[in-house]
Amino acid sequence: MSTDERTTGLRRFFERLTASEAELDAQELQRDSAKCGAMPAGQCRRGQVVSVSGRLRTVAYTPRTNLPTLEADLYDGSDVVTLVFLGRRSIVGIEPGRQLTARGRIALRDDRKVIYNPYYELEAPR
């Protein structure tokens with residue numbers, strides 16, 4: 001084992017030791033997202049067709065005057081993408097804490113990244 005490998009291993013150990021729980025969770029989400037080949041949400045730009053993977057933080061039914069909307073915030077450790085399901089009041093399996101992968105075109109709404117009516121795959125509960 002070389003000196004560089006030992007130093008890197010020690011550095012990682014102390015980073016994990018001093019990191020907050022939120023930072024460790026974000027790192028784990030980023031690793032999981034990279035494993036499934038998804039693009040980090042922090043790198044997504046408007047107009048791109050992307051695949052993002054992460055954990056749902058919040059799910060909210062937003063009644064509109066002419067169209068019900070279900071909105072879910074997907075966090076992958078780097079940024080949040082809001083998934084907007086138009087015409088839906090609820091979707092079985094779309095609930096806070098659930099892991100999923102979503103595919104669609106990134107749009108911006110109020111300077112937030114949004115995917116309207118994404119294709120999605122739910123991951124098995126952990």
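All residue numbers in this chain count up from 1 along the given sequence. The basis for the numbers below is simple: all heavy atoms, side chains too, and nothing from hydrogens, waters or symmetry mates.
- Two residues are said to be in side-chain contact when any heavy atoms from C-beta on lie closer than 4.5 Å; P96 and T58 fail this criterion.
- Note that CZ of R98 is 13.0 Å distant from CG of L74, once rounded to the nearest 0.5 Å.
- In terms of heavy-atom proximity, P118 sits nearest to A102 at CB-CB, 4.2 Å.
- The minimum heavy-atom distance between A72 and I94, with the atom names listed, is CB-CG2, 4.2 Å.
- The closest side-chain heavy-atom distance from L122 to E95 is not below 4.5 Å.
- Between R55 atom CZ and L100 atom CG the span is 11.5 Å, to the nearest 0.5 Å.
- Looking at Q43, its side chain never comes within 3.5 Å of a backbone N or O of P40 through a donor-acceptor pair.
- One hydrophobic cluster holds both L56 and I91 under the rule that ILVMFWY side chains link at heavy-atom gaps under 4.5 Å.
- The structure places OG1 of T62 at 7.5 Å from CG of L70, a figure rounded to the nearest 0.5 Å.
- Side-chain contact between P68 and Y61: present, with at least one pair of heavy atoms (C-beta onward) separated by less than 4.5 Å.
- Across D76 and M39, no two heavy atoms sit closer than the pair OD2-O, 4.0 Å.
- The ring pair (Phe, Tyr, Trp, His ring centres under 6.0 Å) pairs that include a residue from residues 80-117 are F85-Y120, where partners are two or more places apart or lie in different chains.
- For the pair R46/K113, no side-chain contact is recorded, criterion being any heavy-atom separation below 4.5 Å from C-beta on.
- Side chain of N117 to main chain of L86: a donor-acceptor pair is present (N/O by atom type, distance under 3.5 Å, no hydrogens or angles).
- Nearest heavy atom pair, residue V52 against residue C44, reads CG1-SG, 3.8 Å.
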Mind running side-chain contact (heavy atoms from CB on, under 4.5 Å) on V114 and V81 for me, showing each step along the way? CA-CA 5 Å; V114 177; V81 174; over 6 Å; no

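- For residues 101-110, the pairs satisfying side chain to side chain donor-acceptor pair (under 3.5 Å) are S53-T101, E71-R109, R103-E121, with sequence neighbours left out.
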